[in-house]
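Input: a single structure, listed below in structure tokens.
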There are 4 protein chains.
Amino acid sequence: MTEKKENILKAALELFAQEGFKSTSTSKVAKRAGVSEGLIFRHFENKDGLLDAIIKEGEEKAKLLFADIVLDPDPKEVIRKTLEMGLRMIGNKEDAEFWKLQYKIKWELEIYGEHKMEPLELALTNAFAKLGHAHPALEARYILVNMDGLATRYFLQKDFDLQSLINFIKTKYCI
Amino acid sequence: MTEKKENILKAALELFAQEGFKSTSTSKVAKRAGVSEGLIFRHFENKDGLLDAIIKEGEEKAKLLFADIVLDPDPKEVIRKTLEMGLRMIGNKEDAEFWKLQYKIKWELEIYGEHKMEPLELALTNAFAKLGHAHPALEARYILVNMDGLATRYFLQKDFDLQSLINFIKTKYCI
Amino acid sequence: MTEKKENILKAALELFAQEGFKSTSTSKVAKRAGVSEGLIFRHFENKDGLLDAIIKEGEEKAKLLFADIVLDPDPKEVIRKTLEMGLRMIGNKEDAEFWKLQYKIKWELEIYGEHKMEPLELALTNAFAKLGHAHPALEARYILVNMDGLATRYFLQKDFDLQSLINFIKTKYCI
Amino acid sequence: MTEKKENILKAALELFAQEGFKSTSTSKVAKRAGVSEGLIFRHFENKDGLLDAIIKEGEEKAKLLFADIVLDPDPKEVIRKTLEMGLRMIGNKEDAEFWKLQYKIKWELEIYGEHKMEPLELALTNAFAKLGHAHPALEARYILVNMDGLATRYFLQKDFDLQSLINFIKTKYCI
DNA sequence: TATGAATGAGACTTCATTCAT
DNA sequence: CATGAATGAAGTCTCATTCAT
């Protein structure tokens with residue numbers, strides 16, 4: 001991957017996350033990447049191809065993040081790590097941008113990509129079962145739905161206090 | 001409000017909800033509304049004005065919905081009604097479209113409109129306080145964050161079972 | 001048909017005939033027509049649509065031209081008119097442009113449109129049969145192939161003397 | 001001439017003949033030739049240079065073809081060979097492509113290259129004179145115009161029966 | 001000789017908006 | 001109130017050509 005190609009990906013990620021996919025013109029991306037507009041098409045064929053490349057990169061990131069949670073044998077840890085996933089997602093500016101884009105894209109393109117969450121949901125179901133909960137599958141889904149709610153708020157509500165709400169939720173799960 | 005003006009609003013609501021604001025051209029709106037393109041601008045000045053009109057209509061709807069909840073003196077009822085709000089939102093096709101649009105717009109324009117939720121959050125805080133919860137404000141926020149998560153899933157995940165998850169949450173609040 | 005729409009058709013005909021379809025940009029057409037580029041697409045949807053419109057106009061013209069020949073009961077007249085068709089095609093600048101375009105398009109798009117010639121070929125076959133020729137169908141085809149050759153030369157060879165060659169051919173058919 | 005240079009010429013000939021000069025991008029040529037795009041410019045300077053090279057090759061081929069006709073002392077043979085030239089042009093796929101390109105180029109660039117035909121026209125004039133025709137120059141031109149008509153039909157009309165029409169023309173010249 | 005990344009100009013097309021009717 | 005022709009800016013994408021390697 002050449003440096004310019006990486007610049008394009010980075011610029012596109014930033015702009016798509018800030019202004020949305022449709023609202024970001026390829027010329028804006030090129031300008032921010034310090035690159036001729038044509039180069040975008042040489043490397044990614046399409047504007048859609050550029051988006052795909054970003055999403056693909058995202059799936060890799062998500063896999064890594066999930067792997068650490070899913071493979072933990074301690075059920076309490078699985079739950080704790082899931083809840084803290086949100087905080088890790090926004091640890092640095094680049095990560096935050098990346099995850100914000102994931103949600104923006106979901107809404108703009110209306111694809112949830114539930115299959116990506118499946119391993120995590122299964123691991124959580126398992127964890128809740130081990131801990132003796134009556135409806136482990138529902139508990140698992142519930143906690144993940146929570147994460148979507150938190151993301152919605154964190155990314156859209158300027159002064160949203162993510163940290164304290166996550167702490168509060170943790171107390172609910174006795175963590 | 002003339003019939004044509006209403007057609008425009010209806011067409012715009014449908015299209016904005018389906019394809020997003022940016023992706024919907026005024027000509028598409030006009031075509032679906034069975035109206036000349038110019039008429040949109042006579043009635044709403046610009047495309048943004050059309051969106052504003054739709055959002056404004058939305059606030060009215062939301063106020064009505066919230067009023068019923070906020071004014072209930074029974075704290076358990078406040079919580080129950082809040083949880084069931086989601087089901088009411090999607091009772092008919094038009095309502096579902098309307099609420100889906102609200103979320104799409106939020107993500108596309110990145111305005112959460114937290115002020116609209118304030119009365120409801122206060123009422124919930126109050127309710128949890130009456131019921132003796134330790135952190136009524138956090139409980140209130142938590143439950144609303146949940147609603148956003150549910151909406152995210154319901155609108156984006158094709159086979160999401162909203163009903164059973166709401167029922168499950170109700171049991172958590174002993175309702 | 002508004003005046004501007006006609007200007008577009010006229011400008012496009014001229015430019016397509018002079019420089020070819022592919023080599024003529026829509027912006028050039030718009031400029032020559034004294035019209036905004038967007039208007040071309042409002043009226044004709046596509047650059048291809050613009051070409052189609054021109055071709056369709058052409059078919060009408062050709063029909064009129066052929067009708068006069070085909071309907072003549074005198075076989076000698078049918079042949080004479082066919083041979084002189086070439087001269088009529090180039091009677092004025094606009095007609096010449098039009099017919100030149102027809103040939104340019106044929107070669108650029110590789111569609112001969114043989115069905116358009118069928119009535120004429122039949123009429124000629126008939127005429128040669130009446131005159132007692134041994135192979136009327138071949139004579140008919142031969143004379144039409146000649147016309148294509150004449151057009152090729154007339155439009156591509158700067159100093160080609162169409163008139164005298166047509167006169168010469170006429171003597172071959174004793175006309 | 002290196003192998004790659006020949007590949008380029010071959011690919012360009014094929015593509016220019018199929019899709020036209022303007023419609024064929026240098027990148028398409030490079031791809032079909034299995035060569036980097038830059039190499040085209042190293043060998044031919046520009047796209048026009050590539051076309052020139054192809055045309056120049058064509059003139060050589062035409063010279064060879066004409067030489068055999070022009071040098072024949074028997075006037076009947078000159079005429080016969082001229083008439084059969086068409087069939088020889090399309091003997092194999094590569095030849096057909098080559099000659100088709102010559103015509104496509106003529107129409108796309110509007111250069112007839114009449115000088116190339118001059119020797120042949122003179123030889124034909126001579127032949128018709130020897131045979132005692134009244135207007136040998138016109139006869140010569142007429143027969144060549146016919147060839148252009150035949151080429152037009154053969155290359156553009158899918159089901160055109162070249163052979164039988166050439167045979168028919170031969171009978172006209174008592175050959 | 002040969003590659004392939006990179007460019008800049010320009011192609012076709014869309015779209016919000018204006019305006020005469 | 002309503003139409004629809006018309007515009008100009010901007011959007012996505014293509015392409016001949018250059019250049020460092």
Practice item. For each nucleotide in nucleotides 12-21 of chain F, reading 5' to 3', give B when a protein heavy atom comes within less than 4.0 Å of its base, S when such contact involves only the sugar-phosphate, and - otherwise. Key: BBBSBBB---
Test of understanding: with side-chain contact (heavy atoms from CB on, under 4.5 Å), list the residues that count as partners of [X], not counting sequence neighbours.
X	value
D:Lys61	D:Asp95, D:Phe98
B:Glu59	B:Ile55, B:Lys116
D:Leu109	D:Leu51, D:Ile105, D:Ile111
B:Glu6	B:Met1

Point to revise | Secondary structure of DNA chain F in dot-bracket form (Watson-Crick or G-U wobble, distances below 3.5 Å, | marking inter-strand pairs) | key: .||||||||||||||||||||
Study note, to complete from the structure: residues 96-108 of chain C vs side chain to side chain donor-acceptor pair (under 3.5 Å), sequence neighbours excluded, gives C:Lys100-D:Glu110, C:Tyr103-C:Asp148, C:Lys104-D:Glu110
For the pair made of [atom1] in [X] and [atom2] in [N], what is the distance, rounded to whole Å?
X	N	atom1	atom2	answer
B:Glu19	E:dT14	CD	P	15 Å
B:Ile40	F:dC1	CD1	C1'	15 Å
B:Phe44	F:dA2	CZ	P	11 Å
B:Leu39	F:dC1	CG	P	8 Å

Review point. How about D:Gln18: does its CD atom have over 12 heavy atoms from other parts shown lying under 6.0 Å from it?
Key: yes
Exercise for review: Kindly check if the number of other-residue, nucleotide or ligand heavy atoms within 6.0 Å of CD (B:Glu60) is above 12?
Suggested key: yes
Just list the side-chain donor-acceptor pairs under 3.5 Å for residues 34-49 of chain C, sequence neighbours left out, or say none.
from    : atom 1 : to      : atom 2 : distance (Å)
C:Glu37 : OE2    : C:Thr26 : OG1    : 2.7
C:Glu37 : OE2    : C:Ser27 : N      : 3.3
C:Lys47 : NZ     : C:Phe21 : O      : 2.9
C:Lys47 : NZ     : C:Thr24 : O      : 2.8

Practice item. First locate atom CD of A:Gln157, then atom OG1 of A:Thr152, and finally report the distance between them rounded to the nearest 0.5 Å. Key: 11.0 Å
Check your understanding: In residues 2-18 of chain A, what residues come within less than 4.0 Å of DNA chain E, judged by heavy atoms?
Key -> A:Thr2, A:Lys4
Review point. Does B:His43 have a side-chain nitrogen or oxygen under 4.0 Å from the phosphate oxygens OP1 or OP2 of F:dA2?
Key: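 Yes.
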**Study point:** With sequence neighbours excluded, residues passing salt bridge (charged side-chain N to carboxylate O under 4.0 Å, His left out) with B:Lys10
**Key:**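 So B:Lys10 forms a salt bridge (charged side-chain N to carboxylate O under 4.0 Å, His left out) with B:Glu14.
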Practice item. Not counting sequence neighbours, list each pair that qualifies as a salt bridge (Lys or Arg N to Asp or Glu O under 4.0 Å) and has a residue in residues 15-28 of chain C. Key: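 Checked against salt bridge (Lys or Arg N to Asp or Glu O under 4.0 Å) - neighbours excluded - the pairs reaching residues 15-28 of chain C are C:Glu19-C:Lys28.
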